[in-house]
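The next block holds one structure in the form of structure tokens; read it before the comments.
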Amino acid sequence: MTNRIQPRTLKGFRDLLPEPMIAREHLVNVAKRVYESYGFSPIDTPALEYTEILLGKGGAESDKQLYRFEDNGGRDVALRFDLTVPFARFAAQHVGVLGIPFKRYHVGPVWRGENTQRGRYREFLQFDFDTIGTTDITADIETVLVVHDLFDALDVGEFTIRINDRRILNGLLEQLTLLDASAAVLRALDKLPKVGAEAVHGELVESAGAPSDVADQILEFASLRGTNDEILDTLEGLVSASSVGERGVVALGDVVRGVRAAGVAESRVAIDVSIARGLDYYTGTILETFLTDLPDIGSVCSGGRYDDLAGLYTSQRLPGIGASLGVDRLLAALDELELIDRRTTPAEVLVVYFDAERRNDYVALARRLRSAGRSVELYPEPRKLGAQLKYADRRGHRVAVIVGTNEWAESTAQIKDLATGQSETVPLGDLEAALAQRLTGNS
RNA sequence: GUGGCCGUAGCUCAGCUCGGUUAGAGCGCCUGGUUGUGGUCCAGGAGGUCGCGGGUUCAAAUCCCGUCGGCCACCCCA
């Protein structure tokens, strides 16, 4: 009695109440629909893996912030920190039956023991899709289209997919004999929008060992502005001495033109040669997605092309491309932008329980409406009408169905629209049809 | 992980600098305004281990230490 355990959750781990959960489910459902419309198939993998699977042989654990421990059988195990590495293992293990090319989507929580911040948690949901087994640029084009269609369908305001090709910067660095420092250069460039050109210049000189004039060239390159076509033109000249760089420019051009040909507005897909993607396994196309109204929260969907997904686990070469939707970060952004639906009920209809003598009739009525395809909540006890309407209003039911003593006697029902306050009375037998008419178009 | 700021009712916060009467406000919640219509209005009411633990003190929400949690920066990234 006195020694109660304090209810609490771990740092970076959260409970989700109905309101954010309904919003999250919506995001996931839309993403699922879009991914499936492109032919991606669902898969799942365990949350827990052998540590060596996640870390590889080198075991560069430091930056992965792994949740790692010994399981009950003494195995060295860890929680996955993304969905890509488990997919690599999965692909290596199952290519035989899957065949290639193979397209999958995968939604699930991942864990990283890093410090929390706005939109950054220790347990968060990712929703990935990947196409493996092809190096054709078509997959790159469609990957961008998937991301585009996803955010278009999500209805989250304007957004920009920034795209780039890893080889372009590498080509430039090759020309500048700075290729060895490419990781440091990428890291510095990633900060450009945040800290500005001057600071990045400093970091290029200090961390990447670039001479000052070379740092200037890199910055000039990273600051390229203009239409996609203009940037492509400029890039061709800039990396002409590097075959890798040239291939990158060609590929980027193919992606841009392919996406354009598919009818996507130019404003939504922008070449940005400064985006780098920290992950070093990307080798070609890379992309990041930013919300126009809240760019500070960072990329909400990122991805890119890799030459060899599963080289750690199999000799079969599995090139591919994919992207990861940061569901929880996106949710945090939507919350800040006040774009989250305030409803806390999935039911569109509340059946008011008013006449205590008619319990079984109410239960039957609610069930009848459910068979007609409606989601229906029956208020669980007879109570003052006002209280029930207030309940419905707060929860976000769209309509209340009121059948009281008078209605039962006349075999009618009142449908009250909670948003407008207006109501209409219909014959009980026509209730399904009347509701269908009022609720069509809404989900 | 390192550093900074913060933690008081369901929510947003005041009080803490200069320790001391029953810890306050707004919003929200509940009840009522003669019993079948919510979101406005009026009246009343419930609700707080002052994050948690320890220390200093006659006395701590107020000072000190630790811890847990949140935010921010670094880092990394979704």
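In what follows, chains carry the letters A, B, and so on, assigned in the order in which the sequence lines appear, proteins first and then strands, with residues in each chain numbered from 1. The figures that follow rest on heavy atoms only: side chains count, while hydrogens, waters and symmetry mates do not.
Closest contact between the side chain of A:Arg120 and the listed nucleotides B:rC71, B:rC29, B:rA78 involves B:rA78. For A:Thr116, whose side chain is taken as the heavy atoms from C-beta onward, the closest listed nucleotide among B:rC68, B:rG36, B:rC71 is B:rC71.
As rounded to the nearest Å, B:rG10 and B:rA46 have P atoms that lie 15 Å from one another. Here the separation of B:rG3 from B:rU67, taken at their P atoms, is 11 Å to the nearest Å. Only the P atoms considered, B:rC64 is 15 Å distant from B:rC16, to the nearest whole Å. Nucleotides B:rA61 and B:rA23, compared at atom P, are 10 Å apart to the nearest Å. Taking atom P on both nucleotides, B:rG54 is separated from B:rU62 by 14 Å, rounded to a whole Å.
Using a 3.5 Å distance cut-off with no hydrogens or angles, the side chains of A:His201 and A:Asp216 do pair a donor with an acceptor.
Counting non-hydrogen atoms under 4.0 angstrom, A:Thr405 reaches a base of the nucleic acid. Within the nucleic acid shown, A:Gly12 comes within 4.0 Å of sugar-phosphate atoms alone, with no base atom in reach, counting heavy atoms only. A:Asp296 comes within 4.0 angstrom of nothing in the nucleic acid, heavy atoms only. Among the protein residues, A:Ala333 comes within range of no part of the nucleic acid, since none of its heavy atoms lies under 4.0 Å from any strand. A:Leu125 comes within contact range of no nucleotide atom at all, as no heavy-atom separation falls under 4.0 Å. Contacts of A:Ile402 with the nucleic acid, taken as non-hydrogen atoms under 4.0 Å apart, include base atoms. When heavy atoms are screened at a 4.0 angstrom cut-off, A:Tyr121 is found touching base atoms of the nucleic acid. Using a 4.0 Å heavy-atom criterion, one finds that A:Lys384 contacts the sugar-phosphate atoms exclusively. As judged by a 4.0 angstrom heavy-atom cut-off over every strand, A:Glu123 is placed among residues making no nucleic acid contact. Contacts of A:Gly386 with the nucleic acid, taken as non-hydrogen atoms under 4.0 Å apart, involve only primed sugar atoms and P, OP1 or OP2. A:Gln414 comes within contact range of at least one nucleobase, with a heavy-atom separation under 4.0 Å. A:Arg383 comes within contact range of the sugar-phosphate backbone alone, with a heavy-atom separation under 4.0 Å but no base atom that close.
A donor N or O paired with an acceptor N or O is not found under 3.5 Å between the base of B:rG36 and the side-chain atoms of A:Gln388.
Within a 6.0 Å sphere centred on NZ of A:Lys384, heavy atoms belonging to other residues, nucleotides or ligands number 12 at most.
Below 30°, between 30° and 60°, or above 60°: for A:Phe13 and A:Tyr67 the angle between ring planes is above 60°, a perpendicular geometry.
Judged by ring centres under 5.5 Å apart and planes tilted less than 30 degrees, A:Phe124 stacks against the six-membered base ring of B:rA78.
A:Arg305 has no carboxylate O lying under 4.0 Å from a charged side-chain N of A:Asp165, or vice versa, which leaves the two without a salt bridge.
Because its NZ or CZ atom is not both nearer than 6.0 Å to the ring centre of A:Tyr353 and within 45° of the ring axis, A:Arg359 does not count as a cation-pi partner of that residue.
For the side chain to side chain donor-acceptor pair (under 3.5 Å) with A:Tyr391, the qualifying choice from A:His397, A:Arg383, A:Glu377 is A:Glu377, the only one to do so.
Look at A:Arg394 and you'll find a side-chain N or O under 4.0 angstrom from OP1 or OP2 of B:rC29.
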